[in-house]
Undergrad: 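After the structure tokens below, expect a handful of questions from me.
Bear in mind that the values here come from a model prediction, so they are computed numbers and not experimental data. Values below: every heavy atom of this structure, side chains too, minus hydrogens, waters and symmetry copies.
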Amino acid sequence: MNILKIALLQIAPGGTQKENLEKGIQYCRKAREAGADIVLFPEMWSNGYNIYNRPVDQWTAEAISVDSEYVCKFGNLAKRLNMAIGVTLLEKYEKGPRNSLILFDRFGEQKFIYAKVHTCDFDVERNLTPGEDFYVTTLDTACGEVKVGAMICYDREFPESARILMLKGAELILVPNACPMEINRLSQLRARAFENMLAVATCNYPAGVPDCNGGSSVFDGVAYLPGVEESRDICLLQADGTEGLYVAELDLTQLRQYREREVHGNAYRHPLKYSVLTEPRVEPPFVRDDHR
């Protein structure tokens, strides 16, 4: 077996970026002690996703650059711990701040910067600059190479997000999150894993953080095993609302063998029949002022 250990940092933010940096470093060290190969933070960890009920200019001023001390310290930490780190931030960007994830490999090399494509434009996130693309990288881990992509929170609502990542070769999708993980959102994540034959690892804030309830999860996407008539539960990990470090073990050998023999993902698609998916939206989107 080829086992990849994924650590989800379901932790509550402090009141400052400095506190979040220090707490993040502390939990990364705990993850390494637990044998993790990859660590993932919840959404916009640099400021704890603290963008609601505040003046827009106040929270947008908290955006930090990709070469800031905060980001560089996590890159250096990845190298020291010999562990990949997916760190999240409110990114300072020339067109306006972005909701971003930066993935460092275990050598401290920056593999990609992913900015949330589907920003919640029906709410305060309309003040963010959406990303333009989805990225997949080959990540060198202690248990071998794995192809990793990312999407963030509301991206999960769009099957196209995970589908594009699958078509680009992703075996694992990292999903930072900051919202209530109830049965329907969890079902979306389960569906994204099942229909694309890949693993989906989601890290949320714990209960007690406004509008969050924990529920971090890992779905491995492997629904059927040879010689077993019934389908299996693809959920490897489902956290409760408690703050803490949660580690799931993903069997990469099993996943790859499954992808070679099963019928989902890219096996029987008819892409020439999907042209309506790229047609522009005609009706204006609904905009609301409340947040749920």
Side-chain angles (χ1 to χ4, degrees), residues 3-15 19-20 22-52 83-88 99 101 116 120 148 150-157 162 172-194 198-223 231-251 254-255 291-292:
I3 304 298
L4 182 75
K5 291 190 176 183
I6 306 165
L8 306 178
L9 304 188
Q10 185 174 285
I11 53 179
E19 288 180 64
N20 293 342
E22 292 173 351
K23 186 170 185 176
I25 290 172
Q26 174 191 358
Y27 268 86
C28 282
R29 288 174 175 154
K30 288 182 179 181
R32 189 67 192 96
E33 290 171 2
D37 297 297
I38 302 177
V39 165
L40 180 62
F41 281 86
E43 186 176 4
M44 209 185 290
W45 175 251
S46 66
N47 78 337
Y49 198 80
N50 185 16
I51 65 175
Y52 285 95
M83 177 183 70
I85 297 177
V87 65
T88 58
N99 182 345
L101 176 146
K116 187 175 185 176
C120 298
V148 180
M151 56 189 191
I152 297 177
C153 200
Y154 190 52
D155 284 327
R156 112 197 122 248
E157 307 272 349
L172 167 65
I173 300 177
L174 303 176
V175 190
N177 194 79
C179 71
M181 292 312 299
E182 41 74 56
I183 187 171
N184 297 301
R185 291 185 174 115
L186 289 167
S187 296
Q188 287 176 322
L189 295 167
R190 180 185 289 272
R192 299 297 88 83
F194 171 77
L198 46 69
V200 177
T202 304
C203 185
N204 195 27
Y205 287 101
V209 175
D211 208 35
C212 293
N213 66 342
S216 297
S217 62
V218 179
F219 297 96
D220 71 2
V222 179
S231 65
R232 63 183 285 274
D233 186 353
I234 66 174
C235 183
L236 297 182
L237 182 153
Q238 177 66 66
D240 59 15
T242 308
E243 178 175 36
L245 167 71
Y246 295 86
V247 180
E249 296 187 353
L250 175 64
D251 188 335
Q254 177 179 264
L255 175 61
H291 174 58
R292 295 197 297 270

Undergrad: Suppose we screen for side-chain hydrogen bond (donor to acceptor under 3.5 Å, both in side chains). Which residues come up paired with S217, at least two apart in sequence or across chains?
TA: none
Undergrad: Taking it one step at a time, do L250 and I3 satisfy side-chain contact (heavy atoms from CB on, under 4.5 Å)?
TA: CA-CA 5 Å; L250 175 64; I3 304 298; over 6 Å; no
Undergrad: Which pair of non-hydrogen atoms, one from G221 and one from I234, has the smallest distance, and what is that distance?
TA: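 Nearest heavy atoms, G221 then I234: N-CB, 3.8 Å.
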Undergrad: With a 3.5 Å distance limit and no angle check, can you tell me whether E249 reaches the backbone of L4 through a side-chain donor-acceptor pair?
TA: no
Undergrad: Looking at every heavy atom in both V247 and A7, which two are closest together, and how far apart are they?
TA: CG2-CB, 4.1 Å
Undergrad: Run the side-chain hydrogen bond (donor to acceptor under 3.5 Å, both in side chains) test against Y246 and tell me which residues pass, sequence neighbours left out.
TA: D240
Undergrad: Using distance only, find each side-chain donor-acceptor pair of residues 201-209 under 3.5 Å and give its atom names and separation, not counting sequence neighbours.
TA:
{"from": "N204", "atom 1": "OD1", "to": "N177", "atom 2": "ND2", "distance (Å)": "2.9"}
{"from": "N204", "atom 1": "OD1", "to": "C179", "atom 2": "N", "distance (Å)": "3.3"}
{"from": "N204", "atom 1": "ND2", "to": "C179", "atom 2": "O", "distance (Å)": "2.9"}
{"from": "N204", "atom 1": "ND2", "to": "G214", "atom 2": "O", "distance (Å)": "2.8"}
{"from": "Y205", "atom 1": "OH", "to": "E43", "atom 2": "O", "distance (Å)": "2.6"}

Undergrad: Could you give me the CA-CA distance, side-chain angles and deciding distance for V39 and L9, then say whether side-chain contact (heavy atoms from CB on, under 4.5 Å) is met?
TA: CA-CA 7 Å; V39 165; L9 304 188; 3.4 Å; yes
Undergrad: Could you list all the side chain to side chain donor-acceptor pair (under 3.5 Å) pairs where at least one residue sits in residues 29-41, not counting sequence neighbours?
TA: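 Of all non-adjacent pairs touching residues 29-41, none passes side chain to side chain donor-acceptor pair (under 3.5 Å).
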Undergrad: Excluding sequence neighbours, so at least two apart, what forms salt bridge (charged side-chain N to carboxylate O under 4.0 Å, His left out) with D155?
TA: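 None.
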Undergrad: Quick one: does L236's side chain get under 4.5 Å of I6's, heavy atoms only?
TA: no
Undergrad: Can you name the closest pair of heavy atoms from L8 and L237 and give their distance?
TA: CD1-CD2, 4.2 Å
Undergrad: Which distance, rounded to the nearest 0.5 Å, do you find between the CG of D211 and the OH of Y49?
TA: 8.5 Å
Undergrad: Are any side-chain N or O atoms of N213 and backbone N or O atoms of M181, one a donor and one an acceptor, separated by less than 3.5 Å?
TA: yes
Undergrad: Donor-acceptor pair, distance only, cut-off 3.5 Å: does the side chain of K5 make one with the backbone of A31?
TA: no
Undergrad: Please report the interatomic distance CD(Q10) to OG1(T242), rounded to the nearest 0.5 Å.
TA: 7.5 Å
Undergrad: Would you say E182's side chain and R185's backbone share a donor-acceptor pair under 3.5 angstrom?
TA: yes
Undergrad: Should L101 and L40 be marked as a side-chain contact (heavy atoms from CB on, under 4.5 Å) after you check the CA-CA gap, both sets of side-chain angles, and the distance that decides it?
TA: CA-CA 9 Å; L101 176 146; L40 180 62; 3.6 Å; yes
Undergrad: Once salt bridge (charged side-chain N to carboxylate O under 4.0 Å, His left out) is applied, do any residues pair with R156, and if so which ones, sequence neighbours excluded?
TA: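 Residues passing salt bridge (charged side-chain N to carboxylate O under 4.0 Å, His left out) with R156: none at all.
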Undergrad: If you look at every heavy atom in P42 and P176, which pair is closest and at what distance?
TA: C-CB, 3.9 Å
Undergrad: Does any part of the side chain of R190, heavy atoms only, come nearer than 4.5 Å to the side chain of C235, both counted from C-beta?
TA: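 Yes, their side chains come closer than 4.5 Å.
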Undergrad: Quick one: are S46 and N20 in side-chain contact, heavy atoms under 4.5 Å?
TA: no
Undergrad: May I ask you to test the I85-C28 pair for a side-chain heavy-atom distance under 4.5 Å?
TA: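 They are in contact (side-chain heavy atoms under 4.5 Å apart), so the answer is yes.
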Undergrad: Can you tell if the side chain of R192 reaches within under 4.5 Å of the side chain of V175, non-hydrogen atoms only?
TA: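 Side chain of R192 against side chain of V175, heavy atoms only: no contact under 4.5 Å found.
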Undergrad: Give me the atom names and distance for the closest heavy-atom approach of A36 to M83.
TA: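 Taking A36 first and M83 second, the nearest heavy atoms are O-CG, 3.5 Å.
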Undergrad: Just verifying a value: how many Å separate F41 CZ and Y27 OH, rounded to the nearest 0.5 Å?
TA: 11.0 Å
Undergrad: What residue among T88, I152, I51 forms side-chain contact (heavy atoms from CB on, under 4.5 Å) with N99?
TA: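 Output: one option passes, namely I152.
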